[in-house]
Amino acid sequence: MGSDGDDDAPLLLDAKAKRMRDLLSSFYAPNPSMPSHSHTDSSKHSSPDDINSSSFDPNHYMNILANNSNLEGLLKRHVDMAAEIKNLDTDLQMLVYENYNKFISATDTIKRMKSNILGMEGNMEYLLDKSRSDSVNTSLFEKREHIEKLHRTCNLLRKVQFIYDLPDRLGKCIKSEAYADAVRFYTGAMPIFKAYGDSSFHDCKRASDEAIAIIVKNLEGKLFSDSEPIQVRAEAALLLKQLNFPVENLKAKLLERLEHSFKDSQLNPEEIKNASPSAHEVAIREFAEAIRAFRVIFPDSETQLVEIAKDLITRDFVITEEYVTTRICATDLLGVLRVIWNESLLMDEVLQEEALSNHFLEGAKAAVKLYVESSFSQLLLDISDCLLKVLKRDEAEEYSLQVARDASTKLALQGGRNILLDVCKILDDDSGIIDKLRELIIDWVQEGLQDFFRKLEDQFQSFSGKNNSSATQIHGLTEAAAFAGLVLVLAQLSAFIEQTAIPKINDELAVSFSAGSDRGYEYGPAFIPGDISRKFRSAGEKFLQQYINIRTQRISLLQKKRFATPKWVKHKEPREVHMFVDLFLQELKVIGNEVKQVLPQDTRKHRRSNASSASSKSNSFREEKLLLRSNTQRARSQLLETHLAKLFKQKVEIFTKVEYTQESVVTTIVKLCLKSLQEFVRLQTFNRSGFQQIQLDIQFLRSPLREIVEDEAVMDFLLDEVIVAATERCLDPIPLEAPILDKLIQAKLAKSSDQNTSPSS
Amino acid sequence: MQGASSGIGYGLKYQARCISDVKADTDHTTFLAGTLSLKEENEVHLIRLSSSGTELFCEGLFSHPNEIWDLVSCPFDQRIFSTVYSNGETYGAAIWQIPELYGELNSPQLEKITSLDNHVGKIKCILWWPSGRHDKLISIDEENLYLWSLDVSKKTAQIQSQDSAGMPHKISGGAWDPHDVNSVAATYESSLQLWDVRAMGKTISIECSHVRSVDYHPKRNHVLVTAEHESGIHIWDLRKPKVPIQELPGHTHWTWIVKCNPEYDGMILSAGTDSTVNLWLASLGNDDLSTESQAESPTHWVDPLLNTYSDYEDSIYGLTWSSREPWIFASLSYDGRVVVESVKPFISKK
């Protein structure tokens with residue numbers, strides 16, 4: 001640096017070094033452009049006497065400058081220099097500012113350090129002090145230990161004193177009934193007694209144990225006495241428990257007492273009906289109180305209490321169910337239910353147990369269901385009884401079919417409706433007992449109805465099957481007749497149920513029992529009136545048919561005897577109308593009687609009035625003609641003629657549907673009997689007299705039959721058919737002459753009227 | 001009615017009660033019918049159903065000396081048949097043979113093979129064993145039952161054994177068990193009585209009143225059907241004779257005759273004095289569990305009455321299935337009208 005060569009050296013500096021310097025200067029330069037500018041400037045005017053070098057000699061520099069430059073150049077240099085200096089000054093200033101902050105923070109730190117050290121000094125001093133008091137402590141230690149020992153001994157002595165005093169204290173407590181304190185003392189002393197009771201404090205322990213025994217006894221007494229307030233009793237229980245007394249046993253005993261107490265308070269449904277605050281209710285209230293007390297006394301006994309309460313409710317329901325089966329009305333049931341409901345509410349209040357109300361609900365469900373079922377079965381029984389009276393009518397005084405019919409129809413309709421009304425009452429009850437059961441009840445009623453009608457129909461069927469054809473021979477004739485009556489009543493009753501009872505009941509059902517059913521729609525309602533109606537319709541038709549069958553069978557038997565006994569081929573000349581006709585007419589009379597009692601009259605206009613005369617005339621004309629012809633002509637042409645007659649005559653509907661009217665039933669029976677007569681005739685062969693006998697009998701039948709039969713045309717046709725059949729089966733069909741026929745019939749009429757009058761006179 | 005138009009009719013000249021299927025004729029569907037006329041000359045009609053099945057024509061007409069109360073064709077010889085006849089006062093029974101070459105003769109006479117002469121009372125019916133060739137015959141009158149040994153070639157019939165019905169009741173008809181050549185059922189007024197032919201002794205008796213007609217089930221052993229005047233049709237299992245397996249309502253008036261279909265199980269035909277023929281389908285269930293199946297059946301109970309044929313003018317006493325074409329039956333009403341009907345539409349239903 002000291003040499004010129006050194007001054008020239010920067011020119012030789014390689015680019016790298018130069019750049020380094022630039023970077024450095026730029027770091028310190030406040031304005032990056034300035035140094036670079038100055039630098040370029042300096043590099044441009046680089047000279048050995050570099051102004052930036054440390055070995056810069058101003059004089060030397062000035063000499064060079066003065067030598068080398070002219071004034072202008074010098075001036076310019078001066079300006080440059082001045083500017084450069086100024087620049088440097090600002091730069092320096094900037095640097096100072098920048099670093100000032102750092103200085104401040106450094107100063108702060110130092111200040112803080114200074115204060116910390118000051119605190120430390122204090123601590124150090126305290127430490128020193130401490131070490132000084134420790135030495136005092138050690139000096140006092142022994143004395144203090146002694147004092148502590150003395151204190152302990154004192155405590156022990158106090159305890160011993162306490163224990164020795166315990167029996168007395170307990171005695172005092174007993175006197176003042178401060179059992180709680182006594183128990184506290186005793187339990188406090190307990191550990192000591194446990195440890196030393198057998199040795200040092202033997203007497204003491206015995207004495208206090210005796211005292212405690214008295215206490216326990218007293219406590220027990222308190223617990224069991226109902227007169228003591230609950231709180232006291234509860235306390236007693238608690239204390240006993242603290243004394244490790246077997247409280248569970250006591251509890252069991254108390255529970256037993258409780259159960260006993262409520263067993264005495266039997267629910268008496270009859271009583272409920274009479275006195276409004278029944279004895280039972282009072283008992284239950286007491287019971288609830290007892291339970292409440294018990295619950296306070298033994299807080300952990302809840303489940304058992306719930307069980308007891310449940311038992312109580314169950315028992316009540318058992319009684320209720322028994323009661324239900326003894327024909328009660330809905331209000332009675334409701335009364336009982338209400339009592340039990342109140343009971344359960346009371347229990348609920350005491351026990352706050354959900355299970356109880358559920359239990360009640362279950363019980364009520366069963367009871368109501370049973371009620372519905374039993375009322376239906378009762379009704380079934382009533383109807384059955386009513387019907388079966390018909391069979392026993394020969395025992396008591398005449399029990400007419402009419403009475404049976406009226407009673408049974410009334411029962412079927414009125415009974416069914418009554419049940420519905422009754423159940424309605426239950427439904428309408430707003431006490432909230434059966435809120436949850438409403439839908440179920442509706443279902444039960446529907447099911448009950450369905451079941452009831454199904455059973456009723458079964459019952460009818462079994463009645464009608466009870467006495468089938470073989471049985472009629474076994475039993476007496478009167479009973480068989482009674483049975484026929486029963487069947488007839490059954491028929492009418494079935495028809496009535498189908499046509500009147502079911503629609504009416506269904507209407508009522510729709511009004512009061514339509515509200516939702518939880519059976520789900522896929523099953524539909526349980527009561528299907530259509531189904532039941534259909535059943536009863538077919539049953540009714542069956543019964544009606546059965547009645548007709550029974551009756552025709554009886555007549556058929558008569559006819560069979562009539563045709564089986566005589567030798568028709570060797571029959572003697574007819575002298576009078578055969579007795580068989582009387583029997584036949586008598587049977588018909590019986591039937592007419594029965595039918596009149598049970599079945600309604602045909603309301604339609606009678607065909608008899610206008611058609612009778614004409615048809616009978618034409619028929620008798622035809623018959624005469626027929627008989628005359630058969631007299632002379634051969635049978636073949638006669639057959640042809642009957643065929644022709646049949647062709648031209650409208651085909652007579654002999655077997656029409658039976659209706660539930662007196663006329664229809666009687667007509668059907670007569671028609672069947674006449675048809676049978678024809679068939680019987682066809683199986684025989686007659687001589688002339690036999691044929692004439694038939695002719696006479698039939699002729700006689702004509703007018704009485706006309707009286708009772710609805711459809712005369714058919715009847716005449718059938719009577720004619722019998723004659724025709726007899727003609728065909730006769731070897732020599734010559735009919736009786738009209739006057740003789742008349743005479744015989746008149747004779748018969750006179751005879752029968754004689755018979756009719758003679759018994760009355 | 002449905003069956004009205006389908007029937008093929010044929011008129012006999014006189015009133016008639018009996019028609020029989022000619023079982024031995026395997027080439028044609030043929031029936032024999034006899035008339036019942038007290039005063040005219042009675043006839044036996046050999047009626048054949050045309051091969052097209054649309055027409056009935058008279059194959060032969062033979063005069064018969066008396067009115068015919070019963071007529072049965074011999075099951076193994078189509079030319080032989082038996083009749084029960086009456087002249088109004090007395091009854092007779094005979095075996096007849098249709099003469100050969102009868103088509104060529106003008107008024108062919110029936111050849112009487114033999115008459116069964118020992119009867120006193122009203123003869124009811126003559127039974128051939130229905131299942132095949134058997135040289136025995138049974139004849140039933142009101143009081144007695146005879147077993148005959150028939151020799152067609154020698155034209156003789158001899159009584160083998162005989163039993164009386166017992167005093168109080170009269171026999172009304174009978175049927176020979178197709179499964180058992182030794183068993184015969186006879187109908188009484190109040191019961192159905194079975195006989196063992198070998199010992200000529202009564203075996204089982206079933207209580208039922210007014211039995212008019214009886215028919216064995218052709219396929220099922222032990223099953224038979226009875227028709228009763230007032231109480232309809234009963235189906236019995238002989239192993240359980242106390243209660244019927246099934247009851248069918250029968251007819252509005254007397255049910256006169258009942259016939260089991262020879263082929264189709266449970267198909268029963270009945271005819272009655274209400275001028276109708278009813279076609280029933282009885283559910284007989286399993287052979288050995290019939291009562292149980294009946295207990296179950298009411299749940300899916302169907303009307304056993306398949307059809308009623310009511311196109312008749314008078315009571316129907318004659319009824320027979322065709323054994324050659326088992327879907328065809330012939331009925332004969334009292335006015336002498338033969339009607340042949342087909343039950344095919346009801347078979348396809350099954």
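FYI, side chains are in, hydrogens and waters are out, and symmetry mates aren't considered; it's all heavy atoms of this structure. So you know, we letter chains A, B, ... as the sequences are listed, proteins then strands, and number each from 1.
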Original post:
When you look at A:Arg729 and B:Glu67, which way does the salt bridge (charged side-chain N to carboxylate O under 4.0 Å, His left out) test go after all the steps?
Top reply: CA-CA 11 Å; A:Arg729 296 303 308 160; B:Glu67 58 170 6; 2.8 Å; yes
Original post:
Between the side chain of A:Lys675 and the main-chain N/O of B:Trp254, is any donor-acceptor distance below 3.5 Å?
Top reply: no
Original post:
Is there a side-chain contact between B:Tyr334 and A:Glu728, using heavy atoms and a 4.5 Å cut-off?
Top reply: yes
**OP:** Measure the CG-CG distance between B:Leu38 and A:Asp732 for me, rounded to the nearest 0.5 Å.
**Re:** 10.5 Å
Original post:
Does any heavy atom of chain B fall under 4.5 Å from the side chain of A:Ser676, the backbone, both, or neither of them?
Top reply: both
Subject >> Contact origin within A:Leu683 toward chain B - heavy atom pairs under 4.5 Å >> reply: both
Subject >> Donor-acceptor pair between A:Glu679 and B:Tyr317 side chains, under 3.5 angstrom >> reply: yes
Original post:
Do B:Ser315 and A:Arg682 come close enough that some side-chain heavy atom pair is under 4.5 Å?
Top reply: yes
Subject >> All side-chain hydrogen bond (donor to acceptor under 3.5 Å, both in side chains) counterparts of B:Trp256, not counting sequence neighbours >> reply: none
Original post:
Looking at residues at least two apart in the chain, or sitting in another chain, which of them share a side-chain hydrogen bond (donor to acceptor under 3.5 Å, both in side chains) with B:Thr252?
Top reply: B:Asp274
Subject >> Side chain / backbone / both / neither for A:Lys560 at chain B, heavy atoms under 4.5 Å >> reply: side chain
Original post:
Going by heavy atoms in the side chains, are B:Lys39 and A:Pro733 under 4.5 Å from each other?
Top reply: yes
